[in-house]
Structure formats: C-alpha cells, structure tokens
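Quick caveat: nothing in here was measured; it's all calculated off a predicted structure.
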Amino acid sequence: MQSLFILAICFIAISFLAIVIIRLLLKKKSNELSGRIAAITPFNKKEESKQYQGNSFIDIETDLSNSFNEHIISSSEKEQFIKHYTDIFRTVHSLQRYLEIFHVEPTETITRFSHDFERIHSLVKKHNEKTIQCTLDTHKEFFDHCLQYPLDKQQRRSIVSEEDNCLVVSSAGSGKTSSIVGKVKYLIDIKHINPQNILLISYTNKAAAELTERMDITGLKGYTFHKLALDIIGKATGKKPSICDNTDALFVKIYHELLSNKKFRRNVVEYFIDYQIQETDSEQRQNERRQQLSEMKESRIKAQFPDMDGKTIYVRSEQEQKICFVLSSLGVKFRYEEPYEHPLADETHSQYKPDFSIYFEQDGKTRRIYLEHFGVDEHGLVPSWFAKDKGITYEEANRKYNDGITWKKAAHEKFGTELLTTSSADFHYSDIRNKLKTLLGRAGVPIKEKTEAELYEMILPPNSKQEKAFIRLVVTFVTLLKSSCKSIQEILKQPQNAGDERSIFIIKNIFQPVYTRYIEELKRSGQIDFTDAILQATRICHSAHPVKYEYIIVDEFQDISVDRYNFLKELRDGNPPAKLYCVGDDWQSIYRFSGSDMALFNQFPDYFGSTEINKIETTYR
C-alpha cells in the first residue's frame, strides 16, 4: 500500500514537472513566434511606394493602411493581402490552442496579430468606405463639371468603384450613358489611364459611335462585340473574314428550298397537326385549368381555320381546336356550336348547341349530322379540376357531366338525328385524325382529304404572317443554338430527359435540317456570320492574347449572350485581369431573341466572380 502511494506521488511530481517544462517550451515558442511576426516583411502593394516610417512590420491594420494608402481595395487585392499572412496565421492559430490548453498567456504581439487577421474583412471594408468618401470629396469638382450637369451620388459611387467586377443596374432614364461617360473620363483624367487601355463595348454600331463621339477622347474607340471580333481576326490572320450580313434572307431561301423536299414539308405539316398542341402528361397537368371542355365557359381558343361560312371559330379546348383542324383538313364542312335543329330549352336547360354540326350532300339533299366531344377518360371520368371550378365534390362533378352526356344522347335518339362522339381518351389512346376519318366514313360524309401541299398552304400560306412567324421561330432556334455554344445533341438532352416528344420532333425534323443547310451554305460561300466571328475571335484571344486592356466597359449588359460572355472572359484575361464595368437594365433585353441570357446578368457574380453591384435609380426623363 505504501509503495502504491509513493508511485502516485512520483507520478504527480513527474506530471507537474512535465507541465512546467511544456509551459516553459510554449513560452519560448511564443516568444520566438512573436519575433517572427515582428520580422514579417510588410505587404507593400507597390514596391516602389513604401510610405512607411521605416520598413518594419507593426501590425496588420497598419500594414493594410500603409500598403493601400488612398487606394480602394479590390477583392483580388484583398485575397493577395490575406494570402501574405495566411501561413504564419496558421502557425499562430495552432500554437494558440496549446497555449490555451496549458494556460499560457500569449504575447501581446500574437494576440494582436490573431485578432487583426480574423477581422481583415471588416478592416478592408472600413478602409474602403473611408477611402471612397475621401475620393468623392477630393474630386467633387470633377464630378460636378465632367458633364454638362453634375452626376448624382449613385453615379459617382459606381464610377469610383475599383472592384474587379462592377455591375451597374440602371433603371430606364436614370442616366446610364452619363455614368459610362463619367467613368471613362474619371479613368483618364483622374487615374491617368491610357485611353488605348480602355475597351468600350456597346451592342449597336450607332450606340458605339455615339459614345465615342460624346467623349471625344483621342485614342478611345467604341466597338460592338462583332466589330471588335472582326478586327481581332483580321489582325491575327492578316485576312478580314467575309460576313454574311443578311442571314434572314438566307434562312428564308433555305427554308423554301427545303419545302420542295416532301419529307421536310410533311414534317412541318405533321408538327402542326400532331405536335403543335400535343401535350406531355406533365404539361397537361399544368394546363388542366385552361383546358376548357364541354360546358366550361371561362375561356376560348381560336381555331386555325374558319368554319364553312368563313367565320372565325373560338373553341373551348385545345382538343376541340385539333378536331377543327382535322375536319378542315378532311374537307368537311361544319359549324361550331350552332343551335340544335329541334327546340329543347326548358326550365332546366337552355337551347342545346352541339359542338359540331357537319353538313354534306347526299342523294341531292343537304344532310346535317352532329359531333360531340366529351371531356372524359376511358373510364368516363372527368378531370379533377371540373369539381374544383364548380366548388363541388368530384363525385358530383362526374355525375353532372355524365348526366349531360346522357341527356344529349337521348335528345338525338328522340329526334332521330345522327350523333358521332369522341372523348379525351381518344387523344391519348388513338390517332384522332384516323378516328374521325373512320367515324365520318361510316356516316357517309364525303372525305376530300387535302394533299400535304394543300395542308401546308392551309396552315402556313406562302409569304403570310404565319409562315414568316414560323420561319422566325426556326431562325431564333439556330441563333440561340450557335450563341449558346452547344451542339444539337446537347440541346436535345433536355427534352429527351423530360420525354418532351413535341420538342424532340421539331428540333430533329425541322430545326436541324435548316441548321445543317445554313452551316453548309456559309461554308460554300466562304462566309461566316457574326456569331462565328465572336467564336473565332474568342479562340484567338485564348491562344495568343493579342489585346491587353486595363478596363473593359460594357453598355447594355442585359443583352449579353453565352458566346459574348466567353469572348469577354478571354478579352479581360491577363495578369492582372482587366477590370469590368458593366451597365445594364434588368427590365429590358432588346436582343434576347438573338441569344442573350439574362442569367449572366441576374447572376453576374456566379459567372464573373466577386462583384460590386451599384444601382442607379434617379430618373431624369
């Protein structure tokens, strides 16, 4: 027992001695680390401008103030500053944990260094706020007189920004052009940037010329993306490319040439007959409330063709719209919702109006038969929204709708009139065109089926607004495809994954043939289009970096597209990269039809990195 007691005493003594030794070692390490901190080489933003009293390190806050004296710190500069101290901070942080465990008080130098490092972000923010205000005060006279009228506070704030990326969100009439002019003059007159190192980009030749003329600065030239791309290609290759400047006419020519191909024309007709209003299951669920079937009165859909009297037809559902098209394509004369030939109005029913009244000649007499389309599935059940819209139970909705079907059938049986019927189930489980063709044939209705050429002329009369609109749709797809820098196969993945047969059909059978022929025509003529020019210039900039800018200023940035985004990334590449100053209005995108991608504007930092976003909201109109 005594020996155990002695062993315990020895263990405690040894442990105490070990702790004392560890504490002494930690104090020694603490002093050594304090010495390392004191010997740190200051950051020195510019080697040639050491505005210190001496050249020794005092603390992080002092070093930040001295290194960036009267300078607004950008995100990249902040990262470099943090990186300068990161390694030694890790050592400090590691030692601090042991000092805390063994209750050793850290030196004041270590405590201050750790505290300063952990609040670098707030130190930078405080420094920038002070410097920005000082800059605005110092150059107040410049901002008051650099234009014909003083710039407002928001404009001035955006102009002095030194962030790597600055996005100026401007509302209509708030003076975005003035902000751009002010920014350029500030860079040249105050920051003494060479005008040749400033790239000014707008979206039209007119806007680029107006900006250049308004500033009237030697060496400064405004460009469009396309003009800049052509200049880069010309200088890099020694040969300026030939541009196809009337692509719209080329697309029209290609489309009409393809129409001579029976397969292509059949695909266009098939799209309008079988795909234009066909819905996937998910789309149908989303659109159930606007699918007005049977007795629903809220909205109407315009049929593609008039009735037998030349009157415009407004039907209750897309399925009825399709029936109208099929009847017209089969040469069948009909009227929509014409009152029934026998009076049926009573206390509970208004006069009955069958969906379709079909007329044809038989044995020298005009016959009238009827076609009703019932909005029920193969089990005789109505869509769920029938009940919701009427504020009744689903069971009541089914009973009322099916009672209506029974009443209509009974009326025809009573008066001996012939009734043909279709249902929503026919659109899901059969070809409605063949179904109607069979029903009409059995009823003795003469069929004068239109040829594909006749059907095409019915759907898209040559040179009509409808045909021009469809060609514009094709052109828009090709333009978006090229500017997105994706292949047809990549574009097809989305509808294929979603099971969207309609989109798959039009892309494969209509868009792709036009796109392929368009590429072939450009190649055959030795020409490129404007999107090709941007893509080619982007590749040149990536491999050779033929241009170098300090600042890139982009007007109408909301119209940016993926191809221009990639071009812009390569244009700014350098060490350091050019700073971006982009101005745009998120409420308008004039060139969205030509491929602009609003995500590049609305999620600017995700694509370009750390960004200062400034808003200009005062309207001067």
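- Partners of Asp363 by salt bridge (charged side-chain N to carboxylate O under 4.0 Å, His left out), not counting sequence neighbours: none found.
- Every residue meeting the side chain to side chain donor-acceptor pair (under 3.5 Å) condition with Arg433, not counting sequence neighbours, appears here in chain and number order: Ser329, Glu449.
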message: Set out, in order, the CA-CA distance, both residues' side-chain angles and the distance that settles side-chain contact (heavy atoms from CB on, under 4.5 Å) for Val445 and Leu330, then state yes or no.
response: CA-CA 10 Å; Val445 179; Leu330 294 175; over 6 Å; no

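- No close placement of the Tyr352 and His342 rings is indicated, their centers lying 6.0 Å or farther apart.
- By the 4.5 Å heavy-atom criterion applied to side chains, Glu467 and Pro461 are not counted as neighbours.
- Residue-environment remark: CD (Gln362) exceeds the threshold of 12 foreign heavy atoms within 6.0 Å.
- Asp346 pairs by the side chain to side chain donor-acceptor pair (under 3.5 Å) definition with Thr348, His349, not counting sequence neighbours.
- Other residues, nucleotides and ligands contribute at most 12 non-hydrogen atoms within 6.0 Å of the NZ atom of Lys333.
- Residue pairs meeting the side-chain hydrogen bond (donor to acceptor under 3.5 Å, both in side chains) criterion with at least one partner in residues 505-515, sequence neighbours excluded, are absent.
- Residues that satisfy the side chain to side chain contact (heavy atoms under 4.5 Å, CB included) test with Ser423, not counting sequence neighbours, are Val376, Ala425, Asp426.
- In terms of the side chain to side chain contact (heavy atoms under 4.5 Å, CB included) criterion, residue partners of Ala207 (sequence neighbours excluded) are, by chain and number, Ser202, Thr204.
- Using a 4.0 Å cut-off between a side-chain N of Lys or Arg and a carboxylate O of Asp or Glu, Glu337 and Arg300 qualify as a salt bridge.
- Qualifying side chain to side chain donor-acceptor pair (under 3.5 Å) partners for Ser464, counting only residues two or more places apart in sequence or in other chains: Gln466.
- The structure places CD of Glu341 at 3.0 Å from OH of Tyr370, a figure rounded to the nearest 0.5 Å.
- Side-chain contact between Ser357 and Tyr340 is absent, with no heavy-atom pair separated by less than 4.5 Å.
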- request: List the steps and the verdict of side-chain contact (heavy atoms from CB on, under 4.5 Å) for Phe360 and Ile369.
  value: CA-CA 9 Å; Phe360 60 97; Ile369 65 171; 4.0 Å; yes

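- With sequence neighbours excluded, the residues forming a ring-ring contact (aromatic ring centres under 6.0 Å, His included) with Tyr336 are Phe356, listed by chain and number.
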message: Pair Tyr607, Lys569 - check side-chain contact (heavy atoms from CB on, under 4.5 Å), show working.
response: CA-CA 10 Å; Tyr607 293 92; Lys569 281 202 306 179; over 6 Å; no

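- Using a 4.0 Å cut-off between a side-chain N of Lys or Arg and a carboxylate O of Asp or Glu, Lys176 and Glu556 qualify as a salt bridge.
- Evaluation of the side chain to side chain contact (heavy atoms under 4.5 Å, CB included) rule for Pro339 yields Gln351, Lys353 as partners, not counting sequence neighbours.
- For Glu361, the side chain to side chain donor-acceptor pair (under 3.5 Å) partners are Thr366, not counting sequence neighbours.
- Looking at Thr422 and Phe374, their side chains never come closer than 4.5 Å, going by heavy atoms from C-beta outward.
- Side-chain contact between Lys227 and Asp231 is present, with heavy atoms from C-beta onward closer than 4.5 Å.
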task: Give the C-alpha distance, both sets of side-chain angles, the deciding distance and a yes or no for side-chain contact (heavy atoms from CB on, under 4.5 Å) between Thr421 and Ile405.
output: CA-CA 10 Å; Thr421 64; Ile405 292 175; over 6 Å; no

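- The salt bridge (charged side-chain N to carboxylate O under 4.0 Å, His left out) analysis of residues 521-538, with sequence neighbours excluded, yields the pairs Lys253-Glu521, Lys482-Asp529, Lys482-Asp532, Glu521-Arg524.
- Contact annotation: the side chain of Ile553 approaches that of Ile180 to within less than 4.5 Å [non-hydrogen atoms, C-beta and beyond].
- Note on ring orientation: taking the six-membered ring where Trp is involved, the planes of Phe225 and Phe567 are tilted (angle from 30° to 60°).
- Evaluation of the side chain to side chain contact (heavy atoms under 4.5 Å, CB included) rule for Val269 yields Ile273, Leu455, Tyr456, Ile459 as partners, not counting sequence neighbours.
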